[in-house]
Amino acid sequence: MPKMIVSIDGVVIKEVQLTKDRTTLGRRPYNDIVIDNLAVSGEHAVLQLTGNEVYLEDLNSTNGTYVNGKAVKKQLLQNNDTVEIGKYKIKFINEAPGATFEKTMIMKPGMVPPMPAKPAPAPAGAPAATGAPAPAGASMSGPVHAEMAAMNASIKVLSGAAAGREVPLVKVVTTIGKPGVAVAAITKRAHGFVVAHVEGANKPTLNGAAIGPEPVTLKNGDMLELAGTQMQFLQAG
């Protein structure tokens, strides 16, 4: 299913699945994808879903709509295209068509499905382990295991009405705070988590230091304060 990943200054803010025939984008709150920034027109652009194709059309916006650095009026989006609106970048992801040959191949009566290719025989003198199956559990070692450990993290609220609540960080991006006051985004990356200020006049703090738009790496036990609420970042070792 096609989706749009919205980011600013390298920090992902939201992901939107394109499920409707018409998805609007703009500054006004009634849009499907709302970007609250003065560089974005009230009704800036529209995404039209036709089958598995997505067309982007600019709605005569003030500052224009760009795809991969070029101004467009209407364009068919390709997988990994980057839409630029003001300072915001929106990556288009659509990996569905032709992902697996076996799934898209039409079998006719009498046809025999292709057999998987047999591995070539090992050259003379090659170590016996060349063609041997990997030991059970071997695939879970190394970087994969480290990444799974990094996923086990949460934010614990220490003050306010929600004190004691623990929020698992299971999504790629988790936003915290109060819209219009202070909002921060915690983004999951391959080797851990980062936090950045997204919107609001009141900047969040990390261990007493103000957080800007540049992502800052989080460590187990770090203290966050946002809109008067104290939180702690917890991550399993």
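No experiment lies behind these values; they were computed from the predicted model shown.
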query: Heavy atoms, side chains only, cut-off 4.5 Å: are Val83 and Tyr88 in contact?
result: no
query: Is there side-chain contact between Arg22 and Val46, with at least one heavy-atom pair below 4.5 Å?
result: yes
Criterion side chain to side chain donor-acceptor pair (under 3.5 Å) on Glu225 and Thr205, from CA distance to verdict: CA-CA 5 Å; Glu225 185 167 340; Thr205 63; 4.5 Å; no
message: For Leu226 versus Pro204, what's the shortest heavy-atom pair and its separation?
response: CD1-CB, 3.1 Å
query: Is the shortest heavy-atom distance from the side chain of Pro2 to the side chain of Asn52 under 4.5 Å?
result: yes
message: Applying side-chain contact (heavy atoms from CB on, under 4.5 Å), can you list everything that pairs with Ile93, at least two apart in sequence or on another chain?
response: Lys3, Ile5, Asn79, Asn80, Lys91, Glu95
message: The criterion is side-chain contact (heavy atoms from CB on, under 4.5 Å); which residues satisfy it with Lys87, sequence neighbours excluded?
response: Ile8
statement: All heavy atoms of Phe92 vs all of Met4, minimum pair found to be CD1-SD, 3.4 Å
query: Closest heavy-atom contact between Val12 and Thr187?
result: O-OG1, 4.0 Å
query: Out of curiosity, Thr174 OG1 to Ile155 CD1, how far, rounded to the nearest 0.5 Å?
result: 8.5 Å
message: Does the Lys NZ or Arg CZ of Lys219 fall within the cation-pi geometry relative to Phe233 - under 6.0 Å from the ring centre and within 45° of the axis?
response: no
query: Tell me, do Ile33 and Thr24 make a side-chain contact under 4.5 Å, heavy atoms counted?
result: no
- line: Interatomic distance, CZ@Arg165 vs CG@Leu158, rounded to 0.5 Å, equals 13.5 Å
- request: Measure the shortest side-chain to side-chain distance between Leu169 and Phe193 over non-hydrogen atoms and say whether it is less than 4.5 angstrom.
  value: yes
message: Test salt bridge (Lys or Arg N to Asp or Glu O under 4.0 Å) on Asp32 and Lys20; report intermediate values, then the result.
response: CA-CA 10 Å; Asp32 298 302; Lys20 303 195 304 180; 2.7 Å; yes
- line: Ser41 meets the side-chain contact (heavy atoms from CB on, under 4.5 Å) criterion, sequence neighbours left out, with His44, Ser61, Thr62
